[in-house]
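Quick notes on the structure that follows.
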Amino acid sequence: DQQVKQNSPSLSVQEGRISILNCDYTNSMFDYFLWYKKYPAEGPTFLISISSIKDKNEDGRFTVFLNKSAKHLSLHIVPSQPGDSAVYFCAASLGSYQKVTFGTGTKLQVIP
Amino acid sequence: ETGVTQSPTHLIKTRGQQVTLRCSSQSGHNTVSWYQQALGQGPQFIFQYYREEENGRGNFPPRFSGLQFPNYSSELNVNALELDDSALYLCASSPGQGRETQYFGPGTRLLVL
């Protein structure tokens with residue numbers, strides 16, 4: 001049972017435009033959500049997180065939005081840069097427990 | 001500051017064999033988690049160690065076992081290898097077992113023939 005779903009395996013965006021990556025989850029007990037970025041031959045790198053008590057968190061060009069009623073979160077990258085080309089994983093956890101449930105990833109390509 | 005390192009980078013084994021994968025945590029980190037990432041999938045949590053004790057486990061059979069040493073380095077052992085164990089194995093360390101950021105190593109690619 002896939003509790004965290006990323007339904008778009010890939011996304012292409014022009015440099016300078018906005019990239020929007022989407023994620024849905026089924027377990028309403030999740031209370032902490034994260035986005036990781038992964039380049040080939042490297043491990044995932046933490047990007048940004050959001051607690052379930054918030055609906056938005058911003059860090060520079062990256063903003064994560066959380067819609068608890070829809071069990072949906074999204075990552076916005078503005079403006080997109082070629083160096084953002086990577087696989088992005090949405091992830092979720094519950095309580096203070098560090099077990100993290102990952103989605104299947106979305107491969108983002110930013111075209112110069 | 002040295003990041004998380006894993007060895008070996010690649011490994012080929014045959015079905016039924018046993019394998020040991022190693023992970024060196026980032027300096028100052030006392031918590032390590034192991035993940036399995038099958039092709040086309042996201043990482044799946046195997047287990048976590050905190051100060052040498054197992055601190056949680058995902059849906060993996062007992063033939064997946066681990067150790068954490070006093071220097072906080074870690075091993076993942078898999079017995080009786082199956083073809084489906086072919087995957088990228090990632091370890092991640094963090095300075096605590098709460099919501100501190102996990103830092104991932106580059107992984108070990110295991111192929112079981």
Side-chain angles (χ1 to χ4, degrees), chain A residues 1-10 21-27 30-54 57 59 62 64 73 75 86-107, chain B residues 2-10 21 23-26 29-51 53-60 66 68 87-109:
Chain A
D1 177 33
Q2 191 71 28
Q3 296 189 65
V4 178
K5 301 176 186 178
Q6 293 177 258
N7 293 318
S8 298
S10 63
L21 295 96
N22 293 304
C23 177
D24 297 295
Y25 61 95
T26 57
N27 188 344
F30 285 139
D31 62 356
Y32 192 65
F33 304 89
L34 312 94
W35 285 93
Y36 281 84
K37 178 169 73 173
K38 187 180 186 300
Y39 292 119
E42 294 183 14
T45 303
F46 170 76
L47 200 54
I48 193 168
S49 63
I50 186 167
S51 165
S52 60
I53 63 172
K54 295 186 173 183
N57 189 26
D59 184 1
F62 302 91
V64 56
L73 65 157
L75 175 68
V87 176
Y88 288 79
F89 291 101
C90 169
S93 68
L94 60 92
S96 62
Y97 187 37
Q98 252 194 356
K99 173 186 174 180
V100 177
T101 301
F102 283 82
T104 53
T106 296
K107 185 174 184 178
Chain B
T2 306
V4 179
T5 59
Q6 292 185 243
S7 63
T9 55
H10 296 83
L21 310 182
C23 173
S24 283
S25 302
Q26 191 161 317
H29 288 188
N30 57 21
T31 302
V32 65
S33 300
W34 284 91
Y35 292 83
Q36 179 196 68
Q37 186 180 7
L39 203 60
Q41 302 296 314
Q44 270 198 291
F45 177 78
I46 303 175
F47 44 55
Q48 181 185 85
Y49 278 82
Y50 170 66
R51 293 187 172 179
E53 296 286 331
E54 188 178 293
N55 184 40
R57 190 177 185 92
N59 295 328
F60 281 82
Q68 188 181 30
L88 179 69
Y89 288 85
L90 296 160
C91 83
S93 74
S94 62
Q97 57 178 333
R99 286 199 168 146
E100 290 86 352
T101 298
Q102 295 189 43
Y103 295 83
F104 282 83
T108 293
R109 175 79 57 188

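Here is the naming used below: chain letters follow the sequence lines, and residue numbers restart at 1 for every chain.
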- Message: Quick check: do Phe33(A) and Val4(A) have side-chain heavy atoms less than 4.5 Å from each other?
- Response: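 No - every pair of side-chain heavy atoms lies 4.5 Å or more apart.
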
- Query: So Tyr36(A) and Phe46(A), would you call those rings parallel, tilted or perpendicular, with 30° and 60° as cut-offs?
  - Reply: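 The arrangement is perpendicular - the two ring planes meet at more than 60°.
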
- Message: Does the plane of the ring in Phe104(B) sit parallel, tilted or perpendicular to the ring in Phe102(A)? Use 30° and 60° as the thresholds.
- Response: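 It falls in the perpendicular class, over 60°.
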
- Task: Side chain from CB out, backbone as N, CA, C, O: work out which of these in Gln44(B) comes under 4.5 Å of a heavy atom of chain A, or both, or neither.
- Result: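 Looking at Gln44(B), nothing touches chain A.
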
- Query: With chain B, which of Gly103(A), Pro44(A), Ser49(A) has the greatest number of heavy-atom pairs at distances under 4.5 Å?
  - Reply: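 That would be Pro44(A).
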
- Any sub-3.5 Å donor-acceptor pair from Gln6(A)'s side-chain atoms to Leu21(A)'s backbone N or O?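 Absent.
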
- Message: I'd like to know if the side chain of Gln36(B) reaches the main chain of Ile46(B), judged simply by a donor and an acceptor atom lying under 3.5 Å from each other, with no hydrogens or angles considered.
- Response: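 Here the side-chain-to-backbone pair does not exist.
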
- Message: At a heavy-atom distance under 4.5 Å, which candidate from Gly107(B), Pro43(B), Gly40(B) has the highest pair count against chain A?
- Response: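 Most heavy-atom pairs within the cutoff with chain A belong to Pro43(B).
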
- Item | Contacting moiety of Tyr32(A), where chain B heavy atoms sit under 4.5 Å |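 Interface part for Tyr32(A): both.
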
- Item | Tyr39(A) versus chain B, the contacting section by heavy-atom distance below 4.5 Å |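 Neither; nothing under 4.5 Å.
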
